[in-house]
Asks: 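Handing you this structure, nothing more for now.
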Amino acid sequence: MKVVLIQPPIQDFYDTDIRLQPIGLCYLKAAVKVYLPDVEVVIKDYHSGFGRRTVPLPKALTYLTDYYPVSDKSPFSVFHQYYHYGQSFEAIAAELAELKPDLVGISALFTSYYREALEVAVRVKKHRAVPVVMGGSHVSAVPESVLTHPCVDYVIRGEGERPLVELLRCLQGHQRLADVPNLGYKHGQRPRFNAIEDNYALDALPFPELNDFSPLSYTLAGKPLTFMITSRSCPHKCSFCSVHTTFGTNYRRRSIDNVLAEIELRYRQGYRVIDFEDDNLTFYKSQFKELCRRLSKRFPGREVEFVAMNGISYLSLDDELLELMYRAGFSQLNLALVSSDKSVRETTKRPHTIEAYLQVVSRAFQLGFRMVSYQILGLPQESLASMVQTLAFNARLPVLLGASPFYRTPDAPIAQGLALDAQDYVRARLTAMAIETESFTRADIYTLFVTTRIVNFLKGLNLPDSTHLHKLVDQAWSDRHVQIGFVLLKRLAEEGILYFWTTRGLVQNTKFNPGLFARVLQETGQITCQNGRRMAVDTFARAIRWRHMAPSISVGPPQQAEEVS
């Protein structure tokens, strides 16, 4: 019996190409290999390594053409073209026909890309009459949206290792469909869902099977990278998060010895970067401290770099743990602030405090960590003033701003009771800026998103001394990209207009609100760069506000971009 497990291509404005390893499928393959050694399992990653091509924008997203109208070459650029990332559906179908699987499993991790997963199912059925099973976060949240499709035979809700093994036993004639945990299937024309049961214990799970890929298939800064998961679920219950839909509410952690054994294996296999993808990596501080102690002892020369791209809850960090992490090989922190507004944190059920956050940022900066702090823009219960407050708060700290426009995912607590449809599923992505309320517009969210790009541009400057922003715009910069940024900032201060920098010349960004941008800068007062130097921005902000309140300037066709050496 041959099983092919597929990571489908996706379609969007951008792709996070360093976070593509299909670790969930690798866990599934490893489990089948242990419990059903006679079954051959092949993983096909049709997302990574195939480049991109432009495709039409879905109807549900056509309103975005006003926000991403041209290819902006400036340091402040956001998005423009809508792309297909990965192998073509035609080539996928051709390869699957050659592989001749007896079962095809398709991962539907993200709601926004469930249509691409279904299209793979269509191509499978077009060439081969084999059963198709789908799993992943989207399937766990809204299984009917997938199981009712004519090209999908089964779905698996929640964790998939034990259910897939038992489904295969069923297909071999050793078990009934009704006895397979977590399984959804069709009984006549109606979907039927079995009860969700416990998976195998975490330490009993075999390590993910990576032999379908080369260590160089996924890299960070040219070094072979692999994912690692040391726990499942999360003890927090943030209202915007749907992690419990897939992993349940029982937060579980692997033993330190089990984790270290996998790290040793990956080192022998040639991996030199390990990305911990846990939803809450450091909740049990004493355990994680011990892990870091043993890692620094095993790799005293920092032969392995450790990262946590999925983010770290700053609530569980303290001075000792930060020092241990740095010695172990961590050099960057992704911190999930969400909001600096206490009322917003309480509404979203985040048990975090600003005092703890400031202490972590201060100590991490002293140790030499590079930091990105993530803020959600446009939570339905948040005001525009609250979002501005958080942006300004982080702009004053030595962290890069990682802003993420809010989107509703089905079955997250914040979306319960809402009748989300197929268009809402397509818009469940940060690029869609799908949420507007009485407190803020889509243009507000867009302006704040671009504002983070501008602020990060300034934070990235390696300034020798603290200074004023209005003094920097007239300087000559040897770096062409930096020079373009300051040309545009100077025009913004002088004309009250932000321009796109395109190959056709300067094009006015009509959706960017200079007044709102200036409001952020005024509340910020001074921006702290990553190297700790500060730049005062209040004078620059006043110049923009004065221009913004002045009579509007008519703009004709694209202007010729200034020559930048």
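In what follows, every heavy atom counts, from backbone to side chain, and hydrogens, waters and symmetry copies are set aside.
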Asks: Can you confirm whether Lys33 is buried at NZ, in the sense that more than 12 heavy atoms of other residues, nucleotides or ligands lie under 6.0 Å from that atom?
Replies: no
Asks: Decide yes or no for Val32 and Leu28: does some side-chain heavy atom of the first lie under 4.5 Å from some side-chain heavy atom of the second?
Replies: no
Asks: For Asp102 and Lys2, indicate whether the former's side chain and the latter's backbone hold a donor-acceptor pair under 3.5 Å.
Replies: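 Looks like yes, one N/O pair under 3.5 Å.
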Asks: Could you go step by step and tell me if Gln375 and Ser404 meet the side-chain hydrogen bond (donor to acceptor under 3.5 Å, both in side chains) rule?
Replies: CA-CA 6 Å; Gln375 169 186 359; Ser404 177; over 6 Å; no
Asks: How many angstroms lie between CE in Met371 and CG in Leu397, if you round to the nearest 0.5 Å?
Replies: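 Output value for this atom pair is 8.0 Å.
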Asks: Considering only heavy atoms from C-beta outward, does the side chain of Ser107 approach that of Met134 to under 4.5 Å?
Replies: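 No - every pair of side-chain heavy atoms lies 4.5 Å or more apart.
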Asks: Say whether, by atom type as modelled, one donor and one acceptor occur between the side chain of Ser362 and the main chain of Leu358 under 3.5 angstrom.
Replies: no
Asks: How about CD on Glu119, more than 12 heavy atoms from neighbouring residues, nucleotides or ligands closer than 6.0 Å, or not?
Replies: yes
Asks: Is there a donor-acceptor pair closer than 3.5 Å between any side-chain N or O of Asp279 and the backbone N or O of Arg232?
Replies: no
Asks: Check this for me, if you would: do Arg169 and Asp179 make a salt bridge, where the nitrogen-to-carboxylate-oxygen distance has to be below 4.0 angstrom?
Replies: no
Asks: Could you walk me through whether Asp12 and Thr431 pass the side-chain hydrogen bond (donor to acceptor under 3.5 Å, both in side chains) test, one step at a time?
Replies: CA-CA 8 Å; Asp12 207 333; Thr431 53; 3.0 Å; yes
Asks: Given ring pair (Phe, Tyr, Trp, His ring centres under 6.0 Å), test Tyr218 with Phe213 step by step and report yes or no.
Replies: CA-CA 9 Å; Tyr218 313 95; Phe213 321 109; 5.5 Å; yes
Asks: Is the positively charged end of Arg429 above the ring of Tyr407, judged by distance under 6.0 angstrom from the centroid and angle within 45° of the axis?
Replies: no
Asks: Between the side chains of Lys223 and Glu303, is the shortest nitrogen-to-carboxylate-oxygen separation below 4.0 Å, so that they form an ion pair?
Replies: no
Asks: Going by the rule salt bridge (Lys or Arg N to Asp or Glu O under 4.0 Å), which residues pair with Arg363 if we only count those two or more places apart in sequence or in a different chain?
Replies: Glu323
Asks: Run the ring-centre check on Tyr85 versus Phe50 and record whether the distance is less than 6.0 Å.
Replies: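 For Tyr85 and Phe50, the ring centres are not under 6.0 Å apart.
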Asks: Any chance the side chains of Asp15 and His47 put a donor and an acceptor closer than 3.5 Å?
Replies: yes
Asks: Taking atom types as modelled, is there a side-chain donor on Tyr27 or Glu159 under 3.5 Å from an acceptor on the other?
Replies: no
Asks: May I have the step-by-step check of salt bridge (Lys or Arg N to Asp or Glu O under 4.0 Å) for Lys289 and Asp318, ending in yes or no?
Replies: CA-CA 10 Å; Lys289 286 178 181 179; Asp318 58 32; 3.1 Å; yes
Asks: Looking at Val180, is its backbone amide N or carbonyl O close enough to the side chain of Glu197 to form a donor-acceptor pair, meaning the two atoms are under 3.5 Å apart?
Replies: no
Asks: Of Leu281, Leu367, Leu317, which meets side-chain contact (heavy atoms from CB on, under 4.5 Å) against Met325?
Replies: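 Only one option passes, and that is Leu317.
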Asks: Any chance you could lay out the ring pair (Phe, Tyr, Trp, His ring centres under 6.0 Å) test for His481 and Phe457, step after step, and finish with the verdict?
Replies: CA-CA 10 Å; His481 204 55; Phe457 164 78; 7.5 Å; no
Asks: So if I apply the side-chain hydrogen bond (donor to acceptor under 3.5 Å, both in side chains) rule between Thr230 and each of Arg253, Gln287, Arg254, which one comes out positive?
Replies: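 By the side-chain hydrogen bond (donor to acceptor under 3.5 Å, both in side chains) criterion, Thr230 pairs with just one of Arg253, Gln287, Arg254: Arg253.
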Asks: Verify, without hydrogens or angle tests, whether Arg370 (side chain) and Gln530 (backbone) share a donor-acceptor contact under 3.5 angstrom.
Replies: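 Pair absent, no side-chain N/O of Arg370 close to backbone of Gln530.
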Asks: Any donor-acceptor pair under 3.5 Å linking the side chain of Glu277 with the backbone of Ala308?
Replies: no
Asks: Which atoms form the tightest heavy-atom contact between Phe207 and Ala30, and what is the distance?
Replies: O-CB, 3.1 Å
Asks: Once you round to the nearest 0.5 Å, how far does CD1 of Ile196 lie from CG of Leu183?
Replies: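 Atom-to-atom, Ile196:CD1 and Leu183:CG are 11.0 Å apart.
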Asks: Has Thr219 got a side-chain atom pairing as donor or acceptor with Leu216's backbone, closer than 3.5 angstrom?
Replies: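 Not confirmed, Thr219 side chain does not pair with Leu216 backbone.
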Asks: Would you say that more than 12 heavy atoms from the other residues, nucleotides or ligands in this model lie under 6.0 Å from the NZ of Lys285, or not?
Replies: yes
Asks: Classify the ring geometry between Phe276 and Phe288 as parallel (under 30°), tilted (30 to 60°) or perpendicular (over 60°).
Replies: perpendicular
Asks: Test salt bridge (Lys or Arg N to Asp or Glu O under 4.0 Å) on Glu264 and Arg294 and set out the steps.
Replies: CA-CA 12 Å; Glu264 287 284 0; Arg294 293 172 69 173; over 6 Å; no
Asks: Please state whether the rings of Tyr200 and Tyr35 are parallel, tilted or perpendicular, taking 30° and 60° as the class boundaries.
Replies: parallel
Asks: Given salt bridge (Lys or Arg N to Asp or Glu O under 4.0 Å), test Glu320 with Arg293 step by step and report yes or no.
Replies: CA-CA 11 Å; Glu320 182 187 22; Arg293 291 187 188 99; 3.2 Å; yes
Asks: Who pairs with Gln172 by side chain to side chain contact (heavy atoms under 4.5 Å, CB included), at least two apart in sequence or on another chain?
Replies: Met1, Leu36, Val39, His174
Asks: Counting neighbours of CG on Asp203 that are heavy atoms of other residues, nucleotides or ligands and sit closer than 6.0 Å, is the number greater than 12?
Replies: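 For Asp203, atom CG is crowded (more than 12 foreign heavy atoms under 6.0 Å).
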Asks: Are the side chain of Asn194 and the backbone N or O of Gly184 linked by a donor-acceptor pair below 3.5 Å?
Replies: no
Asks: Establish, yes or no, whether a centroid distance under 6.0 Å links the rings of Tyr284 and Tyr251.
Replies: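 Yes, the ring of Tyr284 comes within the 6.0 Å limit of the ring of Tyr251, centre to centre.
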Asks: What closest approach, in Å, do Leu420 and Pro410 show between heavy atoms, and which atom pair accounts for it?
Replies: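 Smallest heavy-atom distance, with atoms named: CD1-CA, 4.0 Å.
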Asks: May I ask you to say whether Glu166 pairs ionically with Arg176, meaning some side-chain N is under 4.0 Å from a carboxylate O?
Replies: no
Asks: Assess whether side-chain hydrogen bond (donor to acceptor under 3.5 Å, both in side chains) is satisfied between Ser242 and Asp411, documenting all intermediate values.
Replies: CA-CA 6 Å; Ser242 59; Asp411 208 44; over 6 Å; no
Asks: Measure the CZ-CG distance between Phe283 and Asp278 for me, rounded to the nearest 0.5 Å.
Replies: 13.0 Å
Asks: Evaluate the ring planes of Phe449 and Phe79, with Trp represented by its six-membered ring, and classify them as parallel (under 30°), tilted (30 to 60°) or perpendicular (over 60°).
Replies: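 Rings of Phe449 and Phe79: parallel, under 30°.
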Asks: Is Val130 close to Asp153 at the side-chain level, that is, under 4.5 Å between some pair of heavy atoms?
Replies: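 In short, these two side chains do not touch, never coming nearer than 4.5 Å.
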Asks: Specify the closest pair of heavy atoms between Ser140 and Gly158, including all atoms of both residues, with the distance to one decimal.
Replies: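 Closest approach of Ser140 to Gly158: OG-N, 2.8 Å.
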Asks: For Ala412, does its backbone N or O pair with a side-chain atom of Thr409 as donor and acceptor, under 3.5 Å?
Replies: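 No, Thr409 side chain to Ala412 backbone: no donor-acceptor pair under 3.5 Å.
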Asks: Can Ser112 and His138 be counted as having a side-chain donor-acceptor contact under 3.5 angstrom?
Replies: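 His138 and Ser112 do not have a side-chain donor-acceptor pair below 3.5 Å.
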Asks: Are the charged groups of Asp212 and Lys29 less than 4.0 angstrom apart, N to O?
Replies: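 Salt bridge between Asp212 and Lys29, a charged N being under 4.0 Å from a carboxylate O: yes.
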Asks: If you compare all heavy atoms of Pro163 against all heavy atoms of Asn199, which two are closest, and at what distance to 0.1 Å?
Replies: CD-OD1, 4.5 Å
Asks: Verify the distance criterion only: is there a donor paired with an acceptor across the side chains of Asn394 and Tyr357 at less than 3.5 Å?
Replies: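 Side chains of Asn394 and Tyr357: pair found under 3.5 Å.
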Asks: Determine the minimum heavy-atom distance between His236 and Ser313, stating which atoms define it.
Replies: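 Result for this residue pair: NE2-OG, 3.8 Å.
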Asks: Measure the acute angle between the ring planes of Tyr113 and Phe110, then classify it against the limits of 30° and 60° as parallel, tilted or perpendicular.
Replies: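 Ring orientation, 0 to 90° scale: perpendicular.
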Asks: Could you tell me which non-hydrogen atom of Asp45 sits nearest to which non-hydrogen atom of Pro22, and how far apart they are?
Replies: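 Looking at all heavy atoms of both residues, the closest pair is OD2-CD, 4.0 Å.
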Asks: Would you check if the side chain of Ser145 reaches a backbone N or O of Val142 as a donor-acceptor pair within less than 3.5 Å?
Replies: yes
Asks: Side chains of Ser231 and Asn280: any donor to acceptor distance under 3.5 Å?
Replies: no
